Each structure stands twice: as structure tokens, then as C-alpha cells.
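Reading through the C-alpha cells given below for one structure.
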Amino acid sequence: MRFTTESTLTIGMPIEVSMGWPVLLNDSCPMKLVIYGCVIRCDENGAAVAIERYEFRTQGSRAFHQPGIPAPAEFSC
């Protein structure tokens with residue numbers, strides 16, 4: 001997987017990347033994809049990661065989210 005970065009990462013660095021999944025579980029529960037891997041290439045434009053494993057996680061039912069209150073941002077490195 002290749003992505004852009006704001007700073008240069010170290011080759012061999014373990015990394016966890018998470019992203020919101022566009023499909024709801026049972027039409028009501030938001031999910032996210034979490035990817036675990038290791039940086040295999042890096043330059044001034046971004047990094048490439050070898051995916052070692054991945055999993056889908058639930059993020060709770062939409063019924064529990066309050067409108068107008070943004071969800072907390074998630075940043076993983």
C-alpha cells in the first residue's frame with residue numbers, strides 16, 4: 001500500500017493505518033479497516049507499506065452518534 005506522508009518514515013518501521021469503511025455493517029454500524037504492516041520504501045512524496053495483516057472493526061451504531069458533534073480524528077503511525 002502506498003500513501004503520502006508529511007515527514008519521511010524509516011524503512012522497517014512497523015505501522016498501523018486505519019480508514020473508515022464506506023459500507024455499514026447490517027445497514028447501521030460504521031466500520032473501519034485497520035492495516036498492520038512495515039515500511040518498505042519511503043521518499044519525499046510518501047511511503048510504501050507491506051501489509052502483514054488487516055482487520056475490520058466496528059465503530060458503534062450510528063444511533064449513538066450525536067448530530068453536530070464531530071467524531072474524534074484518528075491518526076496512526
Side-chain angles (χ1 to χ4, degrees):
M1 173 177 75
R2 179 144 169 72
F3 54 92
T4 60
T5 61
E6 291 182 5
S7 60
T8 304
L9 301 179
T10 305
I11 293 176
M13 171 189 279
I15 194 163
E16 176 183 317
V17 178
S18 64
M19 63 188 78
W21 196 247
V23 178
L24 300 175
L25 177 64
N26 296 328
D27 292 324
S28 64
C29 186
M31 297 175 46
K32 67 179 174 179
L33 172 62
V34 182
I35 298 169
Y36 303 91
C38 185
V39 176
I40 56 172
R41 275 193 310 270
C42 191
D43 58 30
E44 62 278 353
N45 297 319
V49 172
I51 297 172
E52 296 173 357
R53 68 185 174 93
Y54 65 91
E55 60 188 46
F56 287 94
R57 294 185 186 169
T58 58
Q59 299 186 71
S61 171
R62 281 198 172 181
F64 296 112
H65 292 273
Q66 295 178 348
I69 299 176
E74 292 186 32
F75 300 99
S76 300
C77 290

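Quick caveat, the model's predicted, so the values are computed rather than measured. Numbers here simply count residues along the sequence, with the first being 1.
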Nearest 0.5 angstrom please: [X] [atom1] to [Y] [atom2], how far?
X: Met31; Y: Met19; atom1: CE; atom2: CE; value: 13.0 Å
X: Asn26; Y: Thr58; atom1: CG; atom2: OG1; value: 10.5 Å
X: Thr5; Y: Glu44; atom1: OG1; atom2: CD; value: 9.5 Å
X: Arg57; Y: Cys29; atom1: CZ; atom2: SG; value: 13.5 Å
X: Glu16; Y: Ile35; atom1: CD; atom2: CD1; value: 10.0 Å
X: Ile40; Y: Ile11; atom1: CD1; atom2: CD1; value: 9.0 Å

Taking the side chain as everything from C-beta on, heavy atoms only, tell me whether Cys38 gets closer than 4.5 Å to Val49.
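Answer no - side chains too far apart.
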pair Val34-Tyr54: side-chain heavy atoms closer than 4.5 Å: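 They are not in contact (no side-chain heavy atoms under 4.5 Å apart), so the answer is no.
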Any donor and acceptor pair, going by atom type alone, linking the side chain of Glu52 with main-chain N or O of Tyr36 inside 3.5 Å?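 Looks like no, no N/O pair under 3.5 Å.
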Between Asp43 and Asn45, is there a donor-acceptor pair closer than 3.5 Å when you use the side chain of the first and the backbone of the second?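 It does hold such a pair.
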Looking at Phe56, I want to see if its CZ is surrounded by more than 12 non-hydrogen atoms of other residues, nucleotides or ligands under 6.0 Å.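 Counting other residues, nucleotides and ligands, CZ of Phe56 exceeds 12 neighbours.
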- Query: Which pair of non-hydrogen atoms, one from Lys32 and one from Ser18, has the smallest distance, and what is that distance?
  - Reply: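 Taking Lys32 first and Ser18 second, the nearest heavy atoms are CD-CB, 4.3 Å.
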